[in-house]
Amino acid sequence: MGTELTRPARGLKLWFSLQVMGSDALSAAVEHGFDLVHWAQDEMLKNPMIEIVAPAQMAMVNFRYNPQGLSEAEKDELNACISRRMLESGYAGVFTTELKGKKVLRICAIHPETCEDDMRETIRRLNTICEEELSHRS
């Protein structure tokens, strides 16, 4: 509710952020998120097992591990397991969602202290988790 306890003050958060940070700093923070997700996608392109379902746009990218020889249900389970293991590790929050009828992984990169190396390392760790999961399944 707004200060009058009637309508939601939807613009208050943006107004306050602009007052505290200024438009240049806020713009730079948004651009940083765009850069982060592009670095993650660049690292993904090195692994032919990764299918980019929705390419990097704004600060998000949606992808999944799509190894040959697994059914769609097995791929969905694999990606859910990869997300769960990454979350349990505490390194990064890579969550799942459903797109085009498939369970996919989603990265939303907006943390201001995250750097290119962090994003690339996130993808490398996901790749390692995937390889471990596939070795357990065969």
- Hey, what else clusters with V53 if you join Ile, Leu, Val, Met, Phe, Trp, Tyr whenever side-chain heavy atoms sit under 4.5 Å? L99, V104
- Is there a path of hydrophobic side-chain contacts, each under 4.5 Å between heavy atoms of I, L, V, M, F, W or Y residues, that connects M86 with I52? yes
- Item | All side chain to side chain contact (heavy atoms under 4.5 Å, CB included) counterparts of L14, not counting sequence neighbours | L18, L26
- Message: Looking at M58, I want to see if its CE is surrounded by more than 12 non-hydrogen atoms of other residues, nucleotides or ligands under 6.0 Å.
- Response: no
- Message: Using the salt bridge (charged side-chain N to carboxylate O under 4.0 Å, His left out) criterion, which residues pair with E98? Sequence neighbours excluded.
- Response: K103
- Shortest non-hydrogen contact from E74 to G69? OE1-O, 4.3 Å
- Looking only at heavy atoms, which two atoms of I107 and A40 are closest? And how far apart? CD1-CB, 4.4 Å
- Task: Report whether L70 and L105 are members of the same hydrophobic cluster (ILVMFWY, side-chain heavy atoms less than 4.5 Å apart, transitive linking).
- Result: yes
- Task: Compare every heavy atom of A109 with every heavy atom of V37, then report the nearest pair and how far apart it is.
- Result: N-CB, 4.1 Å
- Within the distance-only criterion (no hydrogens, no angle test), does the side chain of Q41 pair as donor or acceptor with the backbone N or O of A56 below 3.5 angstrom? yes
- Message: Can you list everything that forms a side-chain hydrogen bond (donor to acceptor under 3.5 Å, both in side chains) with E121? Sequence neighbours excluded, please.
- Response: R124, R125
- Do M60 and V30 sit in the same hydrophobic cluster, where Ile, Leu, Val, Met, Phe, Trp and Tyr count as joined when their side-chain heavy atoms come under 4.5 Å apart? no
- Residue pairs fulfilling side chain to side chain donor-acceptor pair (under 3.5 Å) with at least one residue in residues 25-38, sequence neighbours excluded: none
- Smallest heavy-atom separation, G93 atom then L87 atom, equals CA-CD2, 3.5 Å
- Query: Is there a path of hydrophobic side-chain contacts, each under 4.5 Å between heavy atoms of I, L, V, M, F, W or Y residues, that connects L134 with M44?
  - Reply: yes
- Rounded to the nearest 0.5 Å, how far does OG of S89 lie from CD1 of I129? 5.5 Å
- Message: If you define the side chain from C-beta out and look only at heavy atoms, does anything of W39 sit under 4.5 Å from E43?
- Response: no
- Query: Hey, quick one: are I110 and V20 part of the same hydrophobic cluster, counting side-chain heavy atoms closer than 4.5 Å, chains of contacts allowed?
  - Reply: no
- Query: Does R84 have any side-chain hydrogen bond (donor to acceptor under 3.5 Å, both in side chains) partners at least two apart in sequence or in another chain, and if so, which?
  - Reply: none
- Query: What is the minimum heavy-atom distance between L78 and R137, and which atoms define it?
  - Reply: CA-NH2, 3.7 Å
- Task: Give every residue pair that meets the side chain to side chain donor-acceptor pair (under 3.5 Å) criterion with at least one member in residues 59-68, sequence neighbours excluded.
- Result: E51-R64, E51-N66, N62-R106, R64-E72, Y65-N127, N66-K75
- Task: Drop me the distance from F63's CZ to N47's CG, to the nearest 0.5 angstrom.
- Result: 10.0 Å
- Task: Under the side-chain hydrogen bond (donor to acceptor under 3.5 Å, both in side chains) rule, collect the residues that match up with Q57, sequence neighbours excluded.
- Result: none
- How would you list all residue pairs meeting salt bridge (charged side-chain N to carboxylate O under 4.0 Å, His left out) that involve residues 108-119, not counting sequence neighbours? E116-R120
- Query: Can you name the side-chain hydrogen bond (donor to acceptor under 3.5 Å, both in side chains) partners of S23, sequence neighbours left out?
  - Reply: none
- Query: So how far is it from T128 OG1 to I123 CD1, rounded to the nearest 0.5 Å?
  - Reply: 11.0 Å
- Polar side-chain atom of S83 near backbone of N79 as donor-acceptor pair, under 3.5 Å: no
- Query: With the threshold set at 4.0 Å, does a side-chain nitrogen-carboxylate oxygen contact exist between R85 and E133?
  - Reply: yes
- Which atom pair, heavy atoms only, marks the closest approach of V61 to P55? CG2-C, 4.1 Å
- Message: Are there over 12 heavy-atom neighbours, none belonging to Y91, within less than 6.0 Å of that residue's OH?
- Response: yes
